[in-house]
Each structure stands twice: as structure tokens, then as C-alpha cells.
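The structure under discussion appears below in the form of C-alpha cells.
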Amino acid sequence: MRLNQKQRRKGFPLALSLFLSFSLSMALFSQQILLPALLLLCLSNAQNCTADSCDLFHGSWVEDPSYPLYDAATCPFIEKEFNCQKNGRPDRQYLQYRWQPTGCDLPRFDGVEFLKIFEGRSIMFVGDSLSRDQWQSLTCLLYTSAPNLTYNLTRVAMTSTFTIPEYGVNVLLDRNMFLVDIVNETKGRILKLDSMQDGNNWLGMDMLVFNTWHWWNYRHAHQPWDYIQVGKVVMKDMDRMAAFEMALGTWGRWLDSNIDPTQTLVFFQGISPNHYNGSDWGEPNAKQCEGQTTPVAGSTYPGQYPPAVAVVKRALTKIQIPVTLLDITTLCLLRKDGHPSIYGIGGASGMDCTHWCIAGVPDTWNQILFQIALSSL
């Protein structure tokens with residue numbers, strides 16, 4: 001049982017307090033003993049990994065004229081790189097697809113219900129620009145859920161805070177590409193695989209959604225560090241997949257040492273793929289993702305899956321507290337049409353087949369996030 005902030009502030013009579021203490025003890029027991037076991041099972045069998053024993057991550061995209069869930073024009077704070085319609089994308093067909101799980105239905109996102117359930121609570125996304133994509137989606141889903149809602153949006157250093165004052169719901173974003181630290185020293189910029197000082201910013205949240213992967217293979221001018229350090233060993237470079245897994249290990253140990261699972265729900269966003277090679281989906285002559293207007297048909301992607309998926313799943317099995325994987329890779333692989341392409345921040349000179357248009361695919365990530373969170377609250 002999770003106490004909301006109003007309950008924690010006001011206190012309870014002695015008898016009710018004793019009952020809550022017992023309930024919290026039982027909840028802690030179930031989360032520490034039962035949930036890790038279920039997590040191990042779900043990582044080996046995705047059908048057990050979602051809310052109410054339904055695999056929300058296996059399915060296909062179906063046309064639905066009632067979509068999108070909101071009009072991007074009514075969400076005034078979408079960042080330019082995600083605002084495909086405002087940037088001149090001429091087609092709208094990509095907006096009218098709904099994710100249909102194979103064995104069940106994914107409920108339509110209800111922003112007012114979300115605001116009521118998370119009233120007085122704080123949600124933080126931590127990660128790179130794919131986390132920013134999901135954060136932007138959720139802020140639009142909430143702001144457009146009812147007429148006359150107001151919002152506050154502030155940024156201090158690398159942290160943005162979006163608030164719906166009517167409900168006291170805070171949705172934060174901590175821009176952190178690697179989760180582990182990059183430190184400027186005399187020698188240069190050092191990526192420290194066993195250091196996580198930024199973690200102090202993540203404490204006290206009711207829900208945390210982490211993500212990292214996008215930047216781990218950047219090299220040369222796009223690489224934001226000069227050296228990698230593990231313990232006292234400083235090196236010019238190392239196997240990037242091994243470095244990624246070491247960083248996830250550091251993150252997992254931080255979670256086990258700092259997060260109380262009775263107070264904070266923890267998710268990992270999963271690996272969001274790109275679409276730069278048309279051969280992967282059977283169109284070798286495609287100009288990357290430009291001009292794609294429909295998803296891949298069916299529920300199976302013909303190309304290869306990112307190898308980072310296996311690394312993430314392996315890392316999650318080593319974490320003691322419950323961490324839920326938003327296993328979005330398959331549903332995203334099928335959406336070759338959902339990227340900004342030439343309608344992102346770089347225009348025709350900046351083909352973007354990595355990020356996602358808003359409104360668009362990240363709205364489905366948040367639909368699934370909400371359904372899993374509901375079963376855990």
C-alpha cells in the first residue's frame with residue numbers, strides 16, 4: 001500500500017496507523033520477495049511482464065480514425081525537433097494508428113484519471129533525448145486532457161519541471177545521456193562508469209522512468225567524452241557494449257541502495273530503435289525513413305533487433321528492487337513512419353530517423369506506462 005502525500009502529512013489515529021504499518025510490511029515483503037521472482041520470469045517470458053498478465057508489448061498497429069489522442073496544435077510547448085506537423089509534414093496518416101496488443105486491449109489514455117491518481121505526486125524521466133520525447137508526450141497528454149487547465153514549465157540547469165497546478169502533479173525531466181557521470185578534469189572529459197553523483201536529483205520521486213543507450217555508440221566529434229574510467233583505470237576507449245553494461249550495473253546498485261520500493265515505482269524505458277536502413281523492413285531503395293507513411297504490417301519486424309535489448313534485460317535481473325521494463329522495442333521497430341525524418345529540427349539537411357513525432361508513438365509508451373503503474377499503485 002502506498003500513502004499519498006496528504007496522508008503522510010496529516011497522520012492517522014493509532015489503530016489505523018498500526019494497520020497501515022502491517023500493510024506496508026506485507027507490501028514490502030511482497031515487493032522484495034515475490035516481485036523480483038516475477039521480474040526474473042517476465043524477463044525470460046514477455047507475456048508475464050505486463051499489467052494483469054497481458055503482454056502489452058506484443059501486437060500490431062491498426063488504423064483508428066479516432067487517433068491521435070490530442071492535436072499537437074493544442075499543446076503549445078512541444079519542442080521544435082518533435083513538432084512534425086508544425087514543421088510542415090504534409091501527411092497525417094501516421095497519426096491515426098493505435099497499438100493493438102495480441103491478447104487484450106490497451107485502454108485509451110485518460111489524462112484526467114491520471115491527474116487524479118497522481119495528484120500531489122512527482123514523476124521524473126531521467127535519460128537522453130528519447131526520455132525527452134516521452135516526457136514531452138506525457139505533458140501534452142495531461143495538458144490537453146481537460147479544458148482550461150493551466151501549466152507551469154521551468155528549467156534549472158539540466159532539469160525541467162512541468163506542473164499542472166490544479167492537481168499538483170509534477171512531471172520532471174533530468175537530461176542525462178549516460179546515467180553515470182561525465183566529469184571535466186585536467187586530462188579532459190571523463191566518463192566514469194562506476195560513479196553516479198547525479199542520483200541525488202532522483203530522490204523523493206513517486207515514479208522514476210530511466211533511459212540510456214542512444215549516445216553509447218557515438219564517436220569522434222559527436223562523442224561527449226574524451227576518456228573512460230573504471231575504478232582507477234583511465235582508458236582512451238573500450239568495447240561500448242561492455243561499457244553500457246557496466247553503467248547499468250552502477251545504476252542498478254544505486255537503485256538498491258537508495259530507492260524504497262514502497263514509495264517509488266521504477267521503470268526502464270527500453271530501447272527505442274532507429275530506421276536508417278530500408279533493407280531492415282524490406283525496402284532497400286527507401287531513403288532512410290523519409291516518405292514513410294505506414295507501419296510495418298503484422299507483429300513481426302523482419303530486421304535485426306538492437307543488441308542493447310539483451311544487455312538491458314540481463315542488467316535488470318541483477319537488481320534487487322522491482323524495476324519494470326517498458327519493452328517498447330518491437331512496437332517501435334514496426335513504426336518506420338513515426339519519425340520526424342526531414343520535419344525535425346534539422347529540416348532537409350538533418351534526417352532524423354531516431355526521434356519520434358509528437359503526437360505519435362511516444363503516446364503509446366505513456367499509455368502502457370500508465371496501465372502498468374495503475375496495477376502497482
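Hydrogens, waters and symmetry mates play no part in the numbers below; they use all other heavy atoms, side chains included.
- When hydrophobic clusters are built by joining Ile, Leu, Val, Met, Phe, Trp and Tyr residues whose side-chain heavy atoms come closer than 4.5 Å, directly or via intermediates, F244 is grouped together with M238.
- A salt bridge links E79 with R175: at least one charged nitrogen is closer than 4.0 Å to a carboxylate oxygen.
- Ion pairing between R335 and D337 holds under the 4.0 Å rule for side-chain N and carboxylate O.
- In this structure, a donor-acceptor pair under 3.5 Å is absent between the side chains of E63 and Y67.
- Taken from OH in Y305 to CG in L333, the straight-line distance is 5.5 Å, to the nearest 0.5 Å.
- A donor-acceptor contact under 3.5 angstrom links the side chains of E166 and T150, judged on distance only.
- By the 4.5 Å heavy-atom criterion applied to side chains, T364 and F109 are not counted as neighbours.
- At least one side-chain heavy atom of H58 sits under 4.5 Å from a side-chain heavy atom of S299.
- Counting only distance, with no hydrogens or angles, the side chain of Q367 and the backbone of P107 share a donor-acceptor pair below 3.5 Å.
- Taking the six-membered ring for Trp, Y218 and H214 have ring centres closer than 6.0 Å.
- Hydrophobic clustering, with ILVMFWY side chains joined whenever heavy atoms are under 4.5 angstrom apart, keeps W99 apart from Y94.
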>> Apply side-chain contact (heavy atoms from CB on, under 4.5 Å) to residues F82 and R132 and explain how you reach the verdict.
In response: CA-CA 10 Å; F82 308 136; R132 185 154 49 93; 3.9 Å; yes
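- The cluster map of Ile, Leu, Val, Met, Phe, Trp and Tyr, joined by side-chain heavy atoms under 4.5 Å apart, puts I328 and W281 in the same cluster.
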> Which is it for I372 and F267 under the side-chain contact (heavy atoms from CB on, under 4.5 Å) test, yes or no, and what are the steps along the way?
Replying inline: CA-CA 10 Å; I372 298 177; F267 292 83; 3.6 Å; yes
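- Below 30°, between 30° and 60°, or above 60°: for H275 and Y301 the angle between ring planes is above 60°, a perpendicular geometry.
- Using bins of under 30°, 30° to 60° and over 60° for the plane-to-plane angle, the ring pair W251/F210 lands in the perpendicular bin.
- Separation of atoms SG (C75) and OH (Y70) is listed at 6.0 Å; rounding is to 0.5 Å.
- Residue pairs that meet the salt bridge (Lys or Arg N to Asp or Glu O under 4.0 Å) test with at least one member in residues 272-299, sequence neighbours left out, are E283-K336, K287-E290.
- Between the CZ atom of R98 and the OG atom of S60 there is a distance of 9.0 Å, given to the nearest 0.5 Å.
- When all heavy atoms of A247 and M196 are compared, the closest pair comes out as O-CE, 4.3 Å.
- Taking CG of L369 as the reference point, atom CG of L265 lies at 9.0 Å (rounded to 0.5 Å).
- Here the CG atom belonging to L179 is positioned 9.0 Å from the CG atom belonging to D174, to the nearest 0.5 angstrom.
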>> side-chain contact (heavy atoms from CB on, under 4.5 Å) for T139 and W135? Distances and angles first, verdict last.
In response: CA-CA 6 Å; T139 58; W135 172 75; 4.0 Å; yes
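- Across all their heavy atoms, L95 and A359 have their closest contact at CD2-O, 3.3 Å.
- Y276 and T354 share a side-chain donor-acceptor pair at under 3.5 Å.
- Taking a cutoff of 4.0 Å between a charged side-chain nitrogen and a carboxylate oxygen, D110 and R108 do not qualify as a salt bridge.
- In terms of heavy atoms, V112 sits closest to A146 at CG2-CB, 4.0 Å.
- Ring-centre distance between Y143 and F162: not below the 6.0 Å cut-off.
- Looking only at side-chain heavy atoms (C-beta outward), Y97 and T294 come within less than 4.5 Å of each other.
- Using a 4.5 Å heavy-atom threshold, the side chains of H355 and I345 count as separate.
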>> The test is side-chain contact (heavy atoms from CB on, under 4.5 Å); show your working for S272 and W365 and say whether it passes.
In response: CA-CA 10 Å; S272 174; W365 306 352; 3.9 Å; yes
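- In summary, the side chains of Q100 and D105 do present a donor paired with an acceptor at a separation below 3.5 Å, with no hydrogens or angles considered.
- Each of I259, T264, N258 was scored for a side chain to side chain contact (heavy atoms under 4.5 Å, CB included) with I321, with one residue passing: I259.
- In this structure, W216 has its ring center under 6.0 Å from that of F178.
- Placement of M235 and L191 within a single hydrophobic cluster is found when ILVMFWY residues are connected by side-chain heavy-atom separations under 4.5 Å, directly or transitively.
- Note that CG of L255 is 12.5 Å distant from CG of D260, once rounded to the nearest 0.5 Å.
- Shortest non-hydrogen contact noted between D91 and R89 is OD1-NE, 2.8 Å.
- Between L115 and L149, the closest side-chain pair of non-hydrogen atoms falls below 4.5 Å.
- Residues V311 and W213 fail the side-chain proximity criterion, which asks for heavy atoms closer than 4.5 Å.
- What you find for Y167 and E119 is that their closest heavy atoms are O-CG, 3.1 Å.
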